[in-house]
Amino acid sequence: MTITKRLSHEYLRKGWMQVALGIILLLPFAIGLSLLYKAWPLLAPSGLIDVLLGSEWSPMQGKFGLWPFISSSIIVSLMGLLFMVPVCLSAAIFITQFAPAWLARSLRSVIDILAGIPSVIFGLWGVMTIVPIVGDLATSYGAGNATGYSILAAGIVVSFSVMPFILNMLIELFESVSIELKESALSLGASYWQVIKDVIVRKLKPGIIASFTLGVSKAFGETIAVLMVVGNVVQVPKGLFSAGYPLPALLANNYGEMMTIPMYDAALMLSALILLIIVIFFNYIAHKVIRYYHARI
Amino acid sequence: MRNSNHVSSIIDQEIIRKDQAKGLHNLIYVKDLSLWHGKQQTLKNVELNIRDKGITVLLGPSGCGKTTLLKTFNRLSDLYPDIRTEGSIFFEGKDILSKEIDVYDLRQKMGLLSQRPQPLPGTIAENIRYALKLKGIKAKSEQDDRIAHYLQKVALWEEVKDRLKSPAGRLSIGQQQRLCLARGLAIEPRVILADEPTSALDPISSRKIEEQFKELSQEFSIVLVTHILRQAKRLADYVAFMYFGEVIEKGRPDVLFEDPKTETFKEYLFVGH
């Protein structure tokens, strides 16, 4: 093969990689821009604040207040976080610090299986088990909505569907701590629990915060499992037992009709854009947290 | 092998008698200690005395069991559920390996300096403060005084006194190791267990740690694990040579290095690693 031929081959291969890289880099911008373009007809006349914080949603009258959806999304993902943190942290600590090797191995394969379960199954399971339990709870508390299809049910189900993902990150994180560091702390006369609390968790704090931030972001975007148990009533949730209507559910339930009502498509595109921005924002925060602590520890 | 054990044990008795005549005492007695990692035996009938004050060097090639022996002294071996021991280690009149021993108390009497420096997350001051808290010293002013004291003791004070609140991880590796030594001293141990403490350091930092050890050996019993022959020659007051889980030869360095009894040790001295 001549040198020019070889060089041109080399160049061609490199060129391919650059194209592939370009596609990946441009994709989020392309999606974001096309969403913005489609949302513009709604955004331009009403203004961002009115659309984001307006709570009246009547597409037939041309009212597109997104606050019921945004607030539902925020509450559901925060509730998911609330359930996630204690369970995931204790499970990760148990698996990496206390469980005998054989048990840790089998627990890890259970987590992998959980991670592979499609979220529609989590949703279905939530409908059959979580919703009735929440319904009973609501009845005993005398809540207005006693069906069980609620923010609370959605928070629980979303935490389950996101847990395997976070657990895998946390386990990897906890396994990164060297046995020598543990030995050094133990040698000072610390108990095993003190070592975990004061040394290991403290050392891993940025990674733990980042993992949960990514978890919230995933919960925010979780669509089908939440949609199945949250009730899908357009309202700003007034309590744990009240039904809600998160952004992804809005999109999934209504994309079919968006062409039939004027401006409906723009409203849905704007919801999608908000969802995209929030998820990217959370990922950015996770990244920042790690950078910030890296400079300090 | 059995024979060599016998020979060194006679030498040992002689040394004990001489030591006691000089008023020197043994602090730790290892008696017929065997240890298994699962089915694999890593220590075989170890007999060893660690003198009060001075530096005892555990010398031997990698994988000979010297670190394992060191970690049974402060029961870090408890971390590994598949470790099983037989025999005893007597310290302050009690068998360290017995179930009744208070391991937290034991570990505070045996400070550990590990192979690579292991600063705790947090600042330089917090590293020592944590040890002081575990020791039960609660008053902040007392803690501050002691932090300064121990940093001076390892000759780190001048280098870090203006940045006590900066992260310990930002110190150089050599400084980190001296910080870890200061932290270990802050729990007021009787024994310092050092597991190849200079293996990650540059020559100048290594020399500093060695100088510290020489000084500290006036006050503490130091058990130093090393595979560096020259370091053993520089520091040892007493040497035990280990090979495949056995203590093959032991004694004073002047006697031992001049007149090795076994072929294995002769070869080790000749190759010099």
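Atoms considered below: every heavy atom in the structure, side chains included; atoms not considered: hydrogens, waters and symmetry mates. Chain letters run A, B, ... following the sequence lines, proteins first, then strands; residues in each count from 1.
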(message) Is A/Ile179 close to chain B through its backbone or its side chain, or both, or neither, when contacts mean heavy atoms under 4.5 Å?
(response) side chain
(message) If you count heavy atoms of other groups shown closer than 6.0 angstrom to CD of B/Glu92, is the number above 12?
(response) yes
(message) Once rounded to the nearest 0.5 Å, what's the spacing between atom CG of B/Asp195 and atom CD of A/Glu180?
(response) 8.5 Å
(message) Could you check whether atom NZ of B/Lys214 has more than 12 heavy atoms from other residues, nucleotides or ligands sitting under 6.0 Å from it?
(response) yes
(request) Indicate the atoms forming the closest heavy-atom contact of B/Tyr104 with A/Tyr192, along with that distance. (result) OH-N, 4.4 Å
(request) Counting only heavy atoms closer than 4.5 Å, note whether B/Leu79 contacts chain A via side chain, backbone, both or neither. (result) side chain
(message) Looking at A/Phe94, I want to see if its CZ is surrounded by more than 12 non-hydrogen atoms of other residues, nucleotides or ligands under 6.0 Å.
(response) yes
(request) Output the option from B/Leu134, B/Leu112, B/Leu106, B/Leu113 having the highest count of non-hydrogen pairs under 4.5 Å with chain A. (result) B/Leu134
(request) Answer whether the closest heavy-atom distance between the side chains of A/Leu188 and B/Leu120 falls below 4.5 Å. (result) yes
(request) Would you name the heavy atoms of B/Tyr130 and A/Ala190 that are closest together and state the gap between them? (result) OH-CB, 4.0 Å
(request) Answer with side chain, backbone, both or neither: which region of A/Ser178 has an atom nearer than 4.5 Å to a non-hydrogen atom of chain B? (result) side chain
(request) Side chain from CB out, backbone as N, CA, C, O: work out which of these in B/Lys135 comes under 4.5 Å of a heavy atom of chain A, or both, or neither. (result) neither
(message) Is B/Pro119 close to chain A through its backbone or its side chain, or both, or neither, when contacts mean heavy atoms under 4.5 Å?
(response) backbone
(message) If I measure from the heavy atoms of chain A, does B/Arg183 come under 4.5 Å with its side chain, its backbone, both, or neither?
(response) both
(request) Could you pull out the closest heavy-atom pair between B/Leu76 and A/Ser187, with the gap in Å? (result) CD1-OG, 3.7 Å
(request) Measure distances from B/Phe73 to the heavy atoms of chain A and classify the residue's part below 4.5 Å as side chain, backbone, both or neither. (result) neither
(request) Look at atom CD of A/Glu172 and say whether more than 12 heavy atoms of other residues, nucleotides or ligands are closer to it than 6.0 Å. (result) no
(message) Considering only residues two or more places apart or on different chains, which pairs with a residue in residues 82-102 of chain A satisfy side chain to side chain donor-acceptor pair (under 3.5 Å)?
(response) A/Gln97-A/Lys182
(request) Flag the pair B/Glu126 / A/Arg202 as yes when at least one side-chain heavy-atom distance between them is below 4.5 Å, and no otherwise. (result) yes
